[in-house]
Amino acid sequence: YVKFTGTLTTCSTTTPPPTSGIATGIAWGKTQLGTRYLGCAAGTYRLGNPTTIDRWHDGTTCGQTRVYFQPANTIGYDCSGLMYAILKQSGITLAYTSSSSIKANVPAVSKSSLRPGDMLAKDGHVVMYIGSHNGVNSVIESTPYAQNSDGSWKGTRISGVQSFLDSSLYTAHRAQGL
């Protein structure tokens, strides 16, 4: 047996850093890839709320060129609705639900200081910078890019960030809490 006569001290344990809220939101956003694009006239359905019946959302009433179909029991987004939903999944409430209001009211940051979760906005469209995806600096966005066989449009996708950085129409914005 060994007799200890010193002072006992407790060992400290290192707690791993908490998972970033925005990382959780972006990961959730990636699960939405391929969801429908609903357009700016889809009311709360453009925020990812499901519909129980077939719906048509007339984008021509707000400057778009199409009427968007949303089949029963599906979800979808428009560009700002997707930003709202991703930030909500991150624990951040975005007070703005249009690209123009995001551009006008969310604090601007330099494009050279982008962090995952920052948005690139112009009047009429907004995307979220997500960092590297498959080795390419990327954004997640909702925009009509391919028509489904039922007449609805695929909307949520990941794209390269460079064209948004190169465009002087887009400015970078960081929501409070990021």
Side-chain angles (χ1 to χ4, degrees), residues 19-50 57 59 64 66 68 70 74-148 152-178:
T19 304
S20 166
I22 194 58
T24 300
I26 290 171
W28 175 86
K30 289 178 180 180
T31 70
Q32 303 302 297
L33 295 178
T35 54
R36 286 166 176 81
Y37 182 80
L38 302 182
C40 54
T44 62
Y45 297 107
R46 65 187 187 82
L47 305 175
N49 294 319
H57 307 290
Q64 295 177 326
R66 297 183 181 105
Y68 297 98
Q70 181 181 12
T74 64
I75 62 166
Y77 305 92
D78 74 344
C79 61
S80 56
L82 181 64
M83 303 302 105
Y84 179 90
I86 290 172
L87 289 170
K88 182 178 177 183
Q89 290 293 322
S90 303
I92 297 169
T93 301
L94 185 63
Y96 309 100
T97 58
S98 77
S99 58
S100 297
S101 60
I102 289 169
K103 182 176 175 63
N105 297 294
V106 175
V109 296
S110 166
K111 286 182 179 179
S112 64
S113 67
L114 279 183
R115 298 189 316 217
D118 288 346
M119 295 172 283
L120 293 158
K122 71 172 186 170
D123 290 328
H125 194 51
V126 61
V127 303
M128 181 178 286
Y129 177 68
I130 62 170
S132 181
H133 177 77
N134 294 335
V136 177
N137 278 329
S138 300
V139 297
I140 190 166
E141 65 177 327
S142 188
T143 190
Y145 68 89
Q147 196 165 22
N148 295 310
S152 65
W153 285 83
K154 289 182 182 177
T156 305
R157 68 179 182 178
I158 292 176
S159 306
V161 70
Q162 198 58 52
S163 63
F164 301 99
L165 294 176
D166 291 343
S167 173
S168 62
L169 298 176
Y170 284 90
T171 53
H173 301 270
R174 184 169 297 144
Q176 185 175 357
L178 281 181

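These numbers come from the heavy atoms of this one structure, side chains and all, not from hydrogens, waters or symmetry mates.
- Considering only heavy atoms from C-beta on, L82 stays 4.5 Å or farther from M128 through its side chain.
- Across every non-hydrogen atom of Y68 and P144, the tightest pair is OH-CG, 3.8 Å.
- The distance from atom OG1 of T31 to atom CD1 of I26, rounded to the nearest 0.5 Å, is 12.5 Å.
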Could you walk me through whether L94 and V106 pass side chain to side chain contact (heavy atoms under 4.5 Å, CB included), step by step? CA-CA 9 Å; L94 185 63; V106 175; 3.9 Å; yes
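- Note that the CG atom of N49 and the CG atom of L38 stand 10.0 Å from one another [nearest 0.5 Å].
- Considering CD of E141 and CZ of R157, their distance stands at 4.5 Å, rounded to 0.5 Å.
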Residue pair Y37, D78: steps toward the side chain to side chain contact (heavy atoms under 4.5 Å, CB included) verdict: CA-CA 6 Å; Y37 182 80; D78 74 344; 4.1 Å; yes
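- R46 and S142 form no side-chain donor-acceptor contact under 3.5 Å, judged by distance and modelled atom types alone.
- Y96 contributes atom OH, which lies 10.0 Å from atom CD1 of I102 (distance to the nearest 0.5 angstrom).
- A donor-acceptor pair under 3.5 Å links the side-chain atoms of R115 to the main chain of L178, judged by distance alone.
- In terms of modelled atom types and a separation under 3.5 Å, the side chain of S90 and the main chain of I92 share no donor-acceptor contact.
- Interatomic distance, F164 CZ to H125 NE2, rounded to the nearest 0.5 Å: 5.0 Å.
- Taking each heavy atom of M119 and A175 in turn, the nearest pair found is CE-CB, 4.3 Å.
- Here the NZ-OG1 distance, from K88 to T93, works out to 8.0 Å after rounding to the nearest 0.5 Å.
- Scanning all heavy atoms of the two residues, the minimum distance from C40 to Q64 falls at N-OE1, 3.1 Å.
- The shortest non-hydrogen separation linking S80 to S98 is OG-CA, 3.5 Å.
- The two residues S113 and R174 come nearest to each other via the heavy atoms O-NH2, 2.9 Å.
- Taking 4.5 Å as the limit, some side-chain heavy atom of L33 sits within range of a side-chain heavy atom of I140.
- Taking 4.5 Å as the limit, every side-chain heavy atom of K103 sits out of range of all side-chain heavy atoms of V126.
- Taking every heavy atom of both residues into account, I75 and Q32 meet most closely at CD1-OE1, 3.1 Å.
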Between L114 and L165, is the side chain to side chain contact (heavy atoms under 4.5 Å, CB included) condition met? List the steps. CA-CA 10 Å; L114 279 183; L165 294 176; 3.6 Å; yes
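- Between the side chains of N105 and S101, no donor-acceptor pair is found at a separation under 3.5 Å.
- Partners of S138 under the side-chain contact (heavy atoms from CB on, under 4.5 Å) rule, at least two apart in sequence or in another chain, are I130, H133, V136, I158.
- Side chains of Q70 and Y45: a donor-acceptor N/O pair is absent below 3.5 angstrom, by distance only.
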For V109 and T171: C-alpha separation, side-chain torsions, deciding distance, then whether side chain to side chain contact (heavy atoms under 4.5 Å, CB included) applies. CA-CA 8 Å; V109 296; T171 53; over 6 Å; no
